[in-house]
Structures are given as structure tokens and as C-alpha cells.
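Read the structure below first, then the notes.
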Amino acid sequence: QVQLVESGGGLVQAGGSLRLSCAASGSIVRINYMGWYRQAPGKQRELVARISGGLTNYADSVKGRFTISRDNAKNTVYLQMNSLKPEETAAYYCNAQIQVYGSISYEYWGQGTQVTVSS
């Protein structure tokens, strides 16, 4: 059993910053990757950032403004979001692929945390 618990969402003015956190807990053998997706109402869910080992990937739209990082000891991933834009208002979801036993890995999702960027 694995749980992803997110925090850090909220209301911020355009140009402001937020830091999202996602902590994984449970019967974790290994976390293969952790990342963040976002989904605005009526829109498809899109990958924002992901970290796998020492490698990071970002959506083109957030490069240079967002930073994903990971604390392996705490099984926690962070997303520092700077210079936020109103169009980035969305529910942000933590996502992780986690090995739970043997060679079995599963995808997990957090419940989502709302980020609202006002004009």
C-alpha cells in the first residue's frame, strides 16, 4: 500500500511563486520516478515535470520557471513554481512509479492540489 500526499497549492497572484510537495509513504522498495501533472477544467492532463534518478524533464512552457527536486530520504518530490501565469491555473497531481515488492512497480497518483493564479 502506497499513498501520495500533496501539499502547497493555493491562490497566488500572477508572477508569484508556490512550492508543491508530494510525500510517498507505505511499502516502498524503490521509487523509479516522481513528477507532476496538471489539468485545467475541460483540458487534458499534461506532464509538467518529472524526475527520474538524476534526470529531469519539463514541459516546454515551464522551463526556466519551474524546478523539480527530490529528497530521496523522505520519498518526497517538490515543484518550485516561479513567475506563475493565470493560464497555469489547474489541479496539480503528483505521480510516481513505485516498486512495492519483487520486481513489481505501479503507477500512483495523488488526490490533486489546486493552484489558482489570479490576474
Non-hydrogen side-chain atoms of Asn72 and Arg70 separated by less than 4.5 Å:
yes

Inter-residue atom distance Ser25.OG - Asn75.CG, 0.5 Å rounding
8.5 Å

Least distance between heavy atoms, Ala14 atom then Ser119 atom:
CB-CA, 4.5 Å

Any chance CD of Gln39 has more than 12 other-residue heavy atoms, nucleotides or ligands included, within less than 6.0 Å?
yes

Euclidean distance, Asn82 CG relative to Thr67 OG1, rounded to 0.5 Å:
6.5 Å

Between CG on residue Leu18 and CG on residue Leu79, distance to nearest 0.5 Å:
9.5 Å

Do Val2 and Val100 come within less than 4.5 Å of each other through their side chains, counting heavy atoms only?
yes

Decide side chain to side chain contact (heavy atoms under 4.5 Å, CB included) for Ser17 and Met81; before the verdict, give the C-alpha distance in whole Å, the side-chain angles of both, and the deciding distance to 0.1 Å.
CA-CA 5 Å; Ser17 299; Met81 304 185 294; over 6 Å; no

Do Thr89 side-chain atoms and Val117 backbone N/O form a donor-acceptor pair below 3.5 Å?
yes

May I ask you to test the Leu20-Ser7 pair for a side-chain heavy-atom distance under 4.5 Å?
no

Short side-chain donor-acceptor distance under 3.5 Å, Ser27 and Gln1
no

Ile98, Tyr106: one ILVMFWY side-chain cluster at the under-4.5 Å cut-off?
yes

Counting distance only, does the side-chain N/O of Tyr58 pair as donor-acceptor with the main-chain N or O of Ile68 below 3.5 Å?
yes

Within this structure, what is the OH-CD1 distance for the pair Tyr108 and Ile28, rounded to the nearest 0.5 Å?
8.5 Å

Taking all non-hydrogen atoms of both residues into account, name the closest pair between Val77 and Ser69 and its distance.
CG2-O, 3.2 Å

Above 12 or not: heavy atoms from other molecules or residues under 6.0 Å from CD of Glu87?
yes

Yes or no on side chain to side chain contact (heavy atoms under 4.5 Å, CB included) for Ser118 and Val12, after CA distance, side-chain angles and deciding distance?
CA-CA 6 Å; Ser118 63; Val12 65; over 6 Å; no

Please say whether the positively charged group of Arg19, taken as NZ for Lys or CZ for Arg, lies over the ring of Tyr78, i.e. under 6.0 angstrom from the six-membered ring centre and within 45 degrees of the axis.
yes

Determine whether Tyr93 and Arg45 satisfy the following criterion, side chain to side chain contact (heavy atoms under 4.5 Å, CB included), listing intermediate values before the conclusion.
CA-CA 9 Å; Tyr93 296 89; Arg45 188 172 297 188; 3.5 Å; yes

Can a side-chain donor-acceptor contact be found between Gln99 and Arg30 if the only test is distance below 3.5 angstrom?
no

Donor-acceptor list for residues 31-38 side chains, cut-off 3.5 Å, not counting sequence neighbours:
unit_1	atom_1	unit_2	atom_2	d
Asn32	ND2	Gln97	OE1	2.9
Asn32	ND2	Ser105	OG	3.2
Tyr33	OH	Glu107	OE1	3.1
Tyr33	OH	Glu107	OE2	2.1
Tyr37	OH	Arg50	NH2	2.5
Arg38	NE	Glu46	OE2	2.8
Arg38	NH1	Glu88	OE2	3.4
Arg38	NH1	Tyr92	OH	3.0
Arg38	NH2	Glu46	OE2	3.4
Arg38	NH2	Ser61	OG	3.4

When rounded to the nearest 0.5 angstrom, what distance separates CD in Glu6 from CG in Leu4?
7.0 Å

Check whether more than 12 heavy atoms from other residues, nucleotides or ligands sit under 6.0 Å from atom CD of Gln3, and answer yes or no.
yes

Taking all non-hydrogen atoms of both residues, which atom of Val115 and which atom of Gly9 are closest, and how far apart?
CG2-CA, 4.2 Å

